[in-house]
Amino acid sequence: MKTIIYSYLFLVGLSLALATDTLAQNPIICNQFTADPSARVFNGKVYLYPSHDIPPESGKCKENWFCMEDYHVFSSDNLVEWMDHGVILTQREVPWVDSTSYSMWAPDCIDRNGKYYFFFPSQAKPGNEKSGFRIGVAISEKPYGPFIPETKPIDGVRGIDPNPFIDEDGQAYLYWSAGNIYGAKLKDNMLELASEPKVIENLPKKGLKEGPYLFKRNGIYYLTYPHVENKTERIEYAISDNPLGPFEVKGVIMDESPNCWTNHHSIIEYNSQWYLFYHHNDLSPHFDKNRSVRIDSLFFNEDGTIQKVIPTLRGVGVTKASQKIQIDRYSAISKEGASIAFNDSNNTFEGWKAMFDKANAWLMYSRVDFGNNKFKSAIIRAFSKNGSLIQLTLNNEKGPVISHVKIPKGDTWQTVKAPVIRSIKGVQDLVVILKNDNTAEIDWISFE
Ligand code: FUB
């Protein structure tokens with residue numbers, strides 16, 4: 001799968017935007033690993049502050065463990081195209097951080113009085129009783145940096161997964177985890193605690209809790225957190241009428257994910273829709289410490305409770321018909337004869353392909369925007385050893401046919417064009433069906 005990511009390289013004061021392809025499906029960023037997504041809305045845009053997993057190199061990081069040396073920030077105004085603003089902070093730049101620890105874990109960011117406060121955990125330099133995981137702050141005038149780190153971590157805080165929150169009355173709070181979830185008031189300078197840390201009570205007693213994320217909606221404080229109820233983490237929530245509790249546990253937002261021990265999330269409202277940002281190890285199926293950020297829509301019930309979010313490959317947002325539509329990020333799939341696989345299992349950043357091996361097998365990819373254009377051709381990048389016939393329909397596999405695409409037999413990938421046989425307007429669900437008994441593999445589909 002390909003994505004459009006704009007990377008900014010700051011070279012001698014010159015910023016250069018690089019376009020690669022990243023387009024709205026899950027995971028949202030496919031040219032690097034990203035985890036622990038803290039999403040924030042600043043000045044009408046969504047900013048994403050994830051952790052940056054890297055593959056552990058021997059001698060550098062502990063084997064089979066997290067390896068994280070810096071942070072990037074990404075932004076988007078449609079949740080589909082993400083701009084990578086590059087590295088905003090590295091372990092080398094923070095005076096109190098042990099720069100050999102590769103433990104720049106889950107961060108978060110908040111704005112106050114025109115400044116952006118980036119909270120991050122890391123291992124403090126060894127040698128005194130204050131080493132271990134501490135939480136520090138770096139400050140910027142802009143959401144995308146440059147961030148200047150404070151010389152010392154926050155006094156009185158030991159742990160990981162910082163989450164700042166500012167209430168409507170202007171009082172700021174900091175939440176973090178260290179087995180339990182802790183909370184305290186912050187001073188207006190956002191750099192010091194204004195109250196003693198307190199364990200947030202009434203959360204599940206058994207099983208690790210971490211990654212707190214607190215938000216307020218209609219006067220209710222929602223404390224959301226990954227918790228190991230069974231074997232791996234699932235995302236749960238509790239509510240209160242006070243930011244420091246007592247909270248009442250309300251339920252599960254996302255069930256345990258197969259193959260990935262951790263989950264970590266944030267929740268935002270953007271353009272009148274709520275979203276859950278979370279992570280999974282899509283691009284690293286055999287090593288769950290190299291994770292990737294996903295987004296799915298989140299809905300509330302009338303009484304303020306949260307509906308469970310079922311993870312999808314399709315993710316959120318609309319894909320333009322003229323773009324490369326990665327149908328392997330499907331919304332629905334036939335019971336048999338269709339599957340997905342990596343294009344190159346040795347380089348998962350090359351994305352996925354859809355595979356068909358039975359007549360009438362299909363995949364549906366929802367929300368393709370055909371606009372008002374009269375598209376004349378469908379284009380498919382495909383591979384078919386013995387030649388195959390692909391039918392494109394709208395809505396479902398029995399819906400109106402928009403194109404018949406003949407994939408000639410061959411030993412290599414081919415880009416094949418076929419006429420669109422009816423006018424298509426607006427946002428439509430696209431269905432791709434194999435119509436004969438030969439096999440076909442499809443990388444992407446597009447319209448022109
Ligand atoms: O990313 C490292 C750690 O994994 C985070 O701090 C936890 O929340 C878990 O996601």
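Heavy-atom basis, side chains included; hydrogens, waters and symmetry copies ignored. For ligands, and for the atoms within them, numbers begin at 1 and follow the listed sequence. All values reported here derive from a predicted model rather than from experimental measurement.
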**OP:** Run through Asp53, Asn281, Thr34 and flag the one making a side chain to side chain donor-acceptor pair (under 3.5 Å) with Arg291.
**Re:**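 Only match with Arg291 under side chain to side chain donor-acceptor pair (under 3.5 Å): Asp53.
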
Original post:
Between Trp176, Phe120, Phe133, which is the residue that forms a ring pair (Phe, Tyr, Trp, His ring centres under 6.0 Å) with Trp105?
Top reply: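 Single pass found, and it is Phe133.
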
**OP:** Check each of Phe247, Trp274, Tyr213, Phe215 against Tyr222 using the ring pair (Phe, Tyr, Trp, His ring centres under 6.0 Å) test, and report the only one that passes.
**Re:**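 It is Phe215; the other options fail the test.
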
Original post:
Is the closest heavy atom of Arg291 to ligand 1 under 4.0 Å?
Top reply: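 Per 4.0 Å heavy-atom rule, Arg291 contacts ligand 1.
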
Subject >> Non-hydrogen atom of Lys289 closer than 4.0 Å to ligand 1 >> reply: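 No, Lys289 has no heavy atoms under 4.0 Å from ligand 1.
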
Subject >> Ion pair check, Lys308 and Asp255, cut-off under 4.0 Å >> reply: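 Between Asp255 and Lys308 there is a salt bridge, with a charged N closer than 4.0 Å to a carboxylate O.
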
Subject >> Ser51-ligand 1 polar pair, N/O distance under 3.5 Å >> reply: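 There is no such contact.
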
Original post:
Does Glu233 reach ligand 1 with a nitrogen or oxygen that is under 3.5 Å from one of the ligand's nitrogen or oxygen atoms?
Top reply: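 It does not: no N or O of Glu233 is found under 3.5 Å from an N or O of ligand 1.
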
Considering heavy atoms of the protein only, find what lies nearest to [atom] and give residue, atom and distance to 0.1 Å.
{"atom": "atom 3 (C) of ligand 1", "answer": "Trp105 CE3, 3.7 Å"}
{"atom": "atom 10 (O) of ligand 1", "answer": "Asp36 OD1, 2.7 Å"}
{"atom": "atom 9 (C) of ligand 1", "answer": "Glu210 OE2, 3.6 Å"}
{"atom": "atom 5 (C) of ligand 1", "answer": "Asp161 OD1, 3.4 Å"}

As an exercise, identify every atom of ligand 1 less than 4.0 angstrom from a heavy atom of [X].
{"X": "Met68", "result": "1 (O), 2 (C)"}
{"X": "Ala106", "result": "6 (O)"}
{"X": "His279", "result": "10 (O)"}
{"X": "His264", "result": "7 (C), 8 (O), 10 (O)"}

**OP:** Step through the shown structure and confirm whether more than 12 heavy atoms of other residues, nucleotides or ligands are within 6.0 Å of NZ on Lys198.
**Re:**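 More than 12 within 6.0 Å, yes.
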
Original post:
Crowded around Lys60 NZ? As in, over 12 foreign heavy atoms under 6.0 Å?
Top reply: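 Count over threshold, so yes.
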
**OP:** Using a 4.5 Å cut-off on heavy atoms from C-beta on, say whether the side chain of Val368 contacts that of Asp429.
**Re:**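 Contact flag for Asp429/Val368 side chains = no.
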
Original post:
Pick from Leu244, Asn163, Leu203: which one makes a side chain to side chain contact (heavy atoms under 4.5 Å, CB included) with Leu223?
Top reply: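 The passing option is Leu203.
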
